[in-house]
Asks: 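Okay, here's the structure, questions in a sec.
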Protein chains: 2
Amino acid sequence: MSVKHALLALLEQEPMYGYQLRAEFEQRTGTTWPLNVGQVYTTLSRLERDGLAQGGGEDTEGHVIYRITDAGRDEVATWFTTPVARTQPPRDELAIKLALAVTVPGVDVATVIQQQRSATMAALQDYTRLKRQATGTARAELAWSLVLDSLVFAAEAEVRWLDHCEARLRRAAAELDVQNSRLTDGTSSVKREFRRSTGETHADRTRR
Amino acid sequence: MSVKHALLALLEQEPMYGYQLRAEFEQRTGTTWPLNVGQVYTTLSRLERDGLAQGGGEDTEGHVIYRITDAGRDEVATWFTTPVARTQPPRDELAIKLALAVTVPGVDVATVIQQQRSATMAALQDYTRLKRQATGTARAELAWSLVLDSLVFAAEAEVRWLDHCEARLRRAAAELDVQNSRLTDGTSSVKREFRRSTGETHADRTRR
DNA sequence: AGCGACCACATACCGGGTATACATATCCCC
DNA sequence: GGGGATATGTATACCCGGTATGTGGTCGCT
């Protein structure tokens, strides 16, 4: 949903055509998330379908110009005033991977963690190198710089989390070994135990 | 791609049927990311199409059992040994939102930041409340606990980043005001300046 | 004239994700 | 014991995000 609202926000500033929207989006985010032109056009047609934008008029050079509607302006306003929901965070590939690595036997979790930390720290190096280039004071430069900072903060948190995981796994190693033998001789009993222990039903889960 | 590999990893442990795969996945992640059953079946059919898993046999109760293939085992192994790429990070809605809020005139950035911080800190409260419930020592409990920690670390980093943004915006306020007048009287010149300054071409961007 | 780049728009296609249909089985309760 | 709510289990339709590709036009270069 972020691309849809971002395009709307750009259209609120000024009517634009598709190609221009992509350029403006990438300028502001420093091409951190390159935006495929095709997605711009499909998104625009959906915006038009939903009555949030309206395209058709041509400018002096024959471009198909899209302009925001009143409903679209409302949508942008609520987007900016409503915080992004943290109740259903997007799937985190790394967290899923580690959760599986811990629970599936025969996976060398320590190595997984170490390799990931190396990769993330390498990414951090790239970010700090890029930061040296983003020293302008223009609004777009500032925005890009903030986006970069967000990547840095996220990567640093990831490294800290990996360290934390290592520590917890080391600490729990002894207990886990005990638990281990209980797990291996009866997988189905474990499963039943899980189902019984969570009062939650299938319908509860599908309903939300 | 994370769901696909997660299901494969579960199948490596033991042949399973669709419904069971969902239960196992949610047990390990503590229903942090509820998994729609439909996605399990579509993913399984894609896995079968790609030769990574193979289903058809029925168990004693008539369930459609899927089992991993050798190619699937290879896929899981490479998944666990290859770190998740940070070169093209997934789109961060909040970062995009702030980048737009900063560059589009007429948006109260300070309020956006404050409201987001409140929401994120509320989420943090929920996480710590949940953490008190996850005190078991079983493998699945440990995995869920680690997933929760990852959410906590990410949320904390987000709050820190928001503080950081506030500070930078305050510091740059004076310069921005100067820049402001230059921006408002010639948007197209800014655009041209951007295009000229980045040596990168459209083809470069689409090619990668 | 021909080649290659860039600009601009449009569409096909795929995978992730949700909602829903449909069929059994179980359980509770009047 | 019949019936409604609930749970299990599989399958499919649909939408959206995202990528790749097709088509046509302009400009500059050799």
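A, B, ... follow the sequence lines: proteins, then strands. Residue 1 opens every chain. Quick note: numbers below take in every heavy atom, side chains included, and nothing from hydrogens, waters or symmetry partners.
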Asks: Round to the nearest Å and state the distance from A:His5 atom NE2 to D:dC16 atom C1'.
Replies: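 In whole Å, D:dC16 C1' lies 14 Å from A:His5 NE2.
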Asks: Rounded to whole Å, how long is the line connecting atom CD of B:Gln39 with atom P of D:dG17?
Replies: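 Answer to the nearest Å: 16 Å.
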Asks: Once you round it to whole Å, what is the distance between C1' of C:dA5 and OH of A:Tyr19?
Replies: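 These atoms are roughly 11 Å apart.
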Asks: Rounded to whole Å, please give me the gap between OH in B:Tyr17 and P in D:dA11.
Replies: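 For the pair B:Tyr17 OH and D:dA11 P, the rounded distance is 13 Å.
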Asks: Are side-chain heavy atoms of B:Cys165 and B:Leu98 found at a separation under 4.5 Å?
Replies: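 Touching, per the 4.5 Å side-chain cut-off.
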Asks: What's A:Gly38 touching, base or sugar-phosphate or nothing? Going by heavy atoms closer than 4.0 Å.
Replies: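 Contact class for A:Gly38: base.
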Asks: Consider the side chain of A:Arg91, meaning its heavy atoms from C-beta on, and name the nucleotide among C:dG17, D:dG17, C:dG16 that approaches it most closely.
Replies: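 Selected nucleotide: C:dG17.
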Asks: Do A:Val3 and B:Arg91 have side chains that approach each other closer than 4.5 Å (heavy atoms only, starting at C-beta)?
Replies: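 A:Val3 vs B:Arg91: side chains touch.
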Asks: Please give me the minimum heavy-atom distance between B:Leu11 and B:Ile68, naming the atom from each residue.
Replies: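 Between these two residues, the closest heavy atoms are O-CG2, 3.9 Å.
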Asks: Check A:Arg168 against B:Ser145 and note the closest heavy-atom contact, atom names and distance.
Replies: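 The answer is NH1-OG, 2.5 Å.
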Asks: Rounded to whole Å, how long is the line connecting atom CG of B:Leu35 with atom P of D:dT8?
Replies: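 Rounding to the nearest Å, CG of B:Leu35 and P of D:dT8 are 15 Å apart.
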Asks: Does a side chain donor of either A:Trp79 or B:Glu93 reach within less than 3.5 Å of an acceptor in the other side chain?
Replies: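 Checked: A:Trp79/B:Glu93 side chains pair up, N/O donor to acceptor below 3.5 Å.
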Asks: Please give me the minimum heavy-atom distance between A:Tyr19 and A:Tyr41, naming the atom from each residue.
Replies: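 That closest heavy-atom pairing would be N-OH, 3.5 Å.
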Asks: Let me know the distance between NE2 of B:His63 and C1' of C:dA25, rounded to the nearest Å.
Replies: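 Going from B:His63 (NE2) to C:dA25 (C1'), I get 10 Å.
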Asks: Under a plain distance cut-off of 3.5 Å, with no hydrogens placed, do B:Thr120 and B:Glu158 share a side-chain donor-acceptor pair?
Replies: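 Yes, side-chain donor-acceptor contact under 3.5 Å.
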Asks: What residues in residues 41-53 of chain A put a non-hydrogen atom under 4.0 Å from any atom of DNA chain D?
Replies: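 Contacts with DNA chain D under 4.0 Å: A:Arg46, A:Arg49.
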Asks: Taking only N/O atoms, report every protein-nucleotides 22-26 of chain D pair under 3.5 Å with atom names and distance.
Replies:
none

Asks: Atom CZ of A:Arg22 and atom P of C:dA8: how far apart are they, to the nearest Å?
Replies: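 Value for this atom pair: 10 Å.
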Asks: Compare all side-chain heavy atoms of B:Arg86 with those of A:Gln116 and state whether any distance is below 4.5 angstrom.
Replies: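 The answer is yes, as the side chains (C-beta and beyond) meet within the 4.5 Å cut-off.
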Asks: Figure out the CG/P separation between A:Asn36 and C:dA10, and round it to whole Å.
Replies: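 Atom CG in A:Asn36 sits about 15 Å away from atom P in C:dA10.
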Asks: Write down the atom of A:Ala143, the atom of B:Thr103, and the distance for their closest heavy-atom approach.
Replies: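 In terms of heavy atoms, the two residues are closest at CB-CG2, 3.6 Å.
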